[in-house]
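Just so it is clear: chains get the letters A, B, ... in the order the sequence lines come, proteins before strands, and each one is counted from 1.
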There are 2 protein chains.
Amino acid sequence: MFRALVVEDQNLMRLALMEQIQASFSDCVVLGAETLELATRELQNDDFDLVVIDPGLPGFDPTAQADRLAVVDKIIETSPSAIHVVVTGSDSSSEADEFRRVGAAGYLGKTGLEPGVFADVLEDISTNGFSMRLSRVAMKIPDYRYSGLTPREQEIIDMMTRRERGMKRTQIYELMADRLAIDAGTAERYYKQARAKLMRRGHTLPKGL
Amino acid sequence: MFRALVVEDQNLMRLALMEQIQASFSDCVVLGAETLELATRELQNDDFDLVVIDPGLPGFDPTAQADRLAVVDKIIETSPSAIHVVVTGSDSSSEADEFRRVGAAGYLGKTGLEPGVFADVLEDISTNGFSMRLSRVAMKIPDYRYSGLTPREQEIIDMMTRRERGMKRTQIYELMADRLAIDAGTAERYYKQARAKLMRRGHTLPKGL
DNA sequence: AAAAATAGGGGTGACAACACCCCTATTTTT
DNA sequence: AAAAATAGGGGTGTTGTCACCCCTATTTTT
């Protein structure tokens with residue numbers, strides 16, 4: 001049974017991170033703590049395999065390097081056997097080095113931290129021992145979220161809007177089919193279904209349909 | 001058709017905010033932009049009813065008040081007819097006042113911003129014209145997320161772990177029944193089902209079972 | 001002692017999502 | 001001219017969630 005703890009004060013972000021971890025393991029428990037006190041209490045009561053830390057916690061100055069280090073240090077000391085991943089909004093490679101020295105196995109910037117990268121990061125850590133993903137800004141097309149679409153429909157629309165010029169729809173169908181281990185024809189069906197729904201509701205479809 | 005735009009550079013947070021907005025409207029489109037440039041482009045191309053802004057965007061100093069104001073100001077000027085809500089990790093009541101002066105209708109701190117509050121905030125705005133929710137730390141018990149539970153099962157477990165001492169389970173069943181407009185017996189069934197699943201897997205259940 | 005709460009099972013119909021199958025036009029590539 | 005991609009429909013079985021129904025013990029309150 002894989003056990004993880006996410007220490008992050010922003011509720012929506014904490015829940016999102018917990019969800020990402022859950023998506024990486026078929027059978028697991030993920031706890032979430034808002035404060036260092038609560039986190040410390042849980043780490044003392046139970047063993048964890050993975051601890052995710054945002055150093056900017058209530059009661060500490062998120063811009064003061066001493067405070068940030070104190071938070072990470074305290075958590076690592078309280079759970080020496082766990083894998084520690086630091087997730088922060090204000091990331092720098094110098095801070096990554098600093099946390100690595102005190103025992104962190106991963107360092108991630110929040111900007112650009114997409115759904116699905118957590119699995120990659122854990123993979124990195126288990127093979128290389130360390131994983132760093134600094135913030136990068138690469139968005140050229142906005143996210144589109146339509147109510148009334150099923151997850152699969154939303155997903156294929158997502159992939160279709162992001163498709164590069166010159167790329168055939170068929171290639172996208174194959175890409176999605178590959179990623180989800182389904183049939184390309186099925187992916188095509190999702191796209192057509194989604195498109196029909198949006199048209200019926202009188203939506204102005206984004207470029208790339 | 002309700003149209004919203006979320007301007008936030010942290011992907012997971014942006015997606016979480018978009019989800020919160022979607023949950024507040026039965027029929028809507030929600031766009032997400034990572035940068036001010038992308039946001040501006042969308043605001044110029046289309047009309048929006050609601051724009052959510054995190055002032056700490058790529059290319060700006062999130063600690064410099066002038067930069068933060070510039071971001072908010074630019075977006076409000078580009079979409080004068082929309083309702084604007086500022087969401088920030090480093091919130092203060094003085095900044096709330098400042099953004100209110102330039103036309104923001106809402107100001108929310110990320111810490112403590114729970115799922116479901118967005119609907120309340122929009123309600124506040126439509127009745128009072130303004131809504132402010134500063135960060136507050138109130139967590140006494142960690143979040144518990146177990147894989148393999150259905151959403152309803154996870155929800156009742158959530159509520160049960162948060163129940164105050166002396167509160168009967170029956171009261172929790174009624175509370176959940178009330179919130180979801182279902183039967184209290186049904187809520188009880190979810191709890192028993194969830195508990196049985198966790199026991200079968202050999203979990204150490206948190207206090208309060 | 002009576003009433004309520006708790007622990008622990010059983011089953012059911014409705015509905016949506018999923019993944020797949022089939023079909024016919026029209027347009028674009030090659 | 002042939003092949004591929006696109007647009008637009010139809011249907012079907014499986015699975016899981018949801019919301020509800022029923023039942024019996026045991027423990028705790030009142």
Side-chain angles (χ1 to χ4, degrees), chain A residues 19 22-23 26-27 145-209, chain B residues 19 22-23 26-27 145-209:
Chain A
E19 208 176 296
Q22 272 196 304
S26 57
D27 197 22
R145 280 295 128 86
Y146 299 94
S147 64
L149 298 187
T150 70
R152 291 288 139 111
E153 287 165 1
Q154 179 64 61
E155 186 151 349
I156 189 64
I157 289 289
D158 245 51
M159 297 179 74
M160 206 53 85
T161 54
R162 269 161 198 33
R163 135 187 97 128
E164 290 161 35
R165 211 182 85 77
M167 207 172 189
K168 303 282 184 195
R169 293 189 198 282
T170 309
Q171 290 176 266
I172 304 290
Y173 299 146
E174 274 159 17
L175 212 156
M176 178 173 176
D178 211 58
R179 290 208 311 151
L180 298 175
I182 59 172
D183 193 89
T186 301
E188 185 175 359
R189 198 78 263 284
Y190 290 146
Y191 171 69
K192 291 180 177 178
Q193 189 64 38
R195 197 174 192 275
K197 277 188 185 178
L198 299 182
M199 301 258 283
R200 243 179 273 134
R201 283 189 220 141
H203 277 288
T204 311
L205 299 177
K207 274 187 228 171
L209 300 190
Chain B
E19 210 177 292
Q22 271 196 305
S26 56
D27 198 22
R145 281 293 129 86
Y146 299 94
S147 63
L149 298 188
T150 70
R152 290 288 138 113
E153 287 165 0
Q154 179 64 62
E155 185 151 348
I156 189 65
I157 289 289
D158 245 52
M159 296 179 74
M160 206 54 84
T161 54
R162 269 163 198 32
R163 137 186 97 130
E164 289 161 35
R165 211 181 86 77
M167 209 173 187
K168 302 281 182 197
R169 293 190 198 282
T170 310
Q171 290 175 268
I172 304 291
Y173 299 146
E174 276 160 16
L175 212 156
M176 178 174 176
D178 210 56
R179 290 208 312 153
L180 298 174
I182 60 172
D183 193 272
T186 301
E188 186 175 357
R189 197 79 263 282
Y190 290 145
Y191 171 69
K192 292 181 177 177
Q193 188 64 38
R195 197 172 192 276
K197 276 187 186 178
L198 299 183
M199 301 259 283
R200 241 178 274 135
R201 283 191 220 139
H203 277 288
T204 310
L205 299 176
K207 275 186 228 168
L209 298 191

If you measure from CZ on B:R179 to CE on B:M159, what distance do you get to the nearest 0.5 Å? 4.5 Å

Out of D:dA19, C:dA7, D:dA5, which nucleotide sits closest to the side chain of B:R195? C:dA7

Step by step, work out the side-chain contact (heavy atoms from CB on, under 4.5 Å) result for B:R152 and B:M176. CA-CA 10 Å; B:R152 290 288 138 113; B:M176 178 174 176; 3.9 Å; yes

Among D:dA19, D:dG8, D:dA7, which nucleotide sits nearest the side chain of A:M199? D:dG8

Please report the interatomic distance OG1(B:T204) to CE(B:M199), rounded to the nearest 0.5 Å. 11.0 Å

Would you mind telling me which of D:dC20, D:dC18, D:dT6 lies closest to the side-chain atoms of B:Y190? D:dC18

Using whole Å, report how far CG of A:L209 lies from P of D:dA5. 17 Å

What is the distance from atom CZ of A:R169 to atom CG of A:L209, rounded to the nearest 0.5 Å? 4.5 Å

I'd like to check B:L180 versus B:E155 (side-chain heavy atoms, cut-off strictly below 4.5 Å). Are they in contact? yes

Rounded to the nearest Å, what distance is computed from the CG atom of residue A:L198 to the C1' atom of nucleotide D:dA7? 15 Å

Over all strands shown, is A:L149 touching base, sugar-phosphate only, or nothing at heavy-atom distances under 4.0 angstrom? nothing

Scanning all shown strands, the Watson-Crick or wobble mate of C:dT12 with both distances under 3.5 Å is D:dA19

Tell me: CD1 of A:I182 to C1' of C:dC20, nearest whole Å? 10 Å

Rounding to an integer number of Å, can you tell me how far B:R152 CZ sits from D:dG16 C1'? 14 Å

In A:E153, A:H203, A:K197, the residue satisfying side chain to side chain contact (heavy atoms under 4.5 Å, CB included) with A:Y146 is A:H203

To the nearest angstrom, how far is B:Y173 atom OH from D:dC20 atom P? 16 Å

First encountered from the 5' end of DNA chain D, between A:A196 and B:T150: A:A196

Who pairs with C:dT26 - Watson-Crick or G-U, where each distance is under 3.5 Å: D:dA5

If I take atom CG in residue A:L175 and atom P in nucleotide D:dA5, what distance separates them, rounded to the nearest angstrom? 15 Å

Between the base of C:dG8 and the side chain of B:R189, is there any donor-acceptor pair under 3.5 Å? no

A:P151 side chain, from C-beta outward: closest of C:dC18, D:dT6, C:dA19: C:dC18

Give the rounded distance in Å between these two atoms: CD of B:Q193 and P of D:dA19. 14 Å

Assign each of B:R169 and A:D183 the nucleotide of DNA chain C bearing its closest heavy atom; nearer the 5' end lies the nucleotide of B:R169

For a quick check of understanding: with a heavy-atom distance under 4.0 Å over all strands, which category does B:T186 fall into, base, sugar-phosphate or nothing? base

For D:dT6 and A:T170 - does any side-chain N or O of the residue sit under 4.0 Å from the phosphate oxygens OP1/OP2? yes

Taking any heavy-atom pair under 4.0 Å as a contact, classify A:K192: base, sugar-phosphate, or nothing. base

What is the distance from NZ of B:K197 to P of C:dG8, rounded to the nearest Å? 16 Å

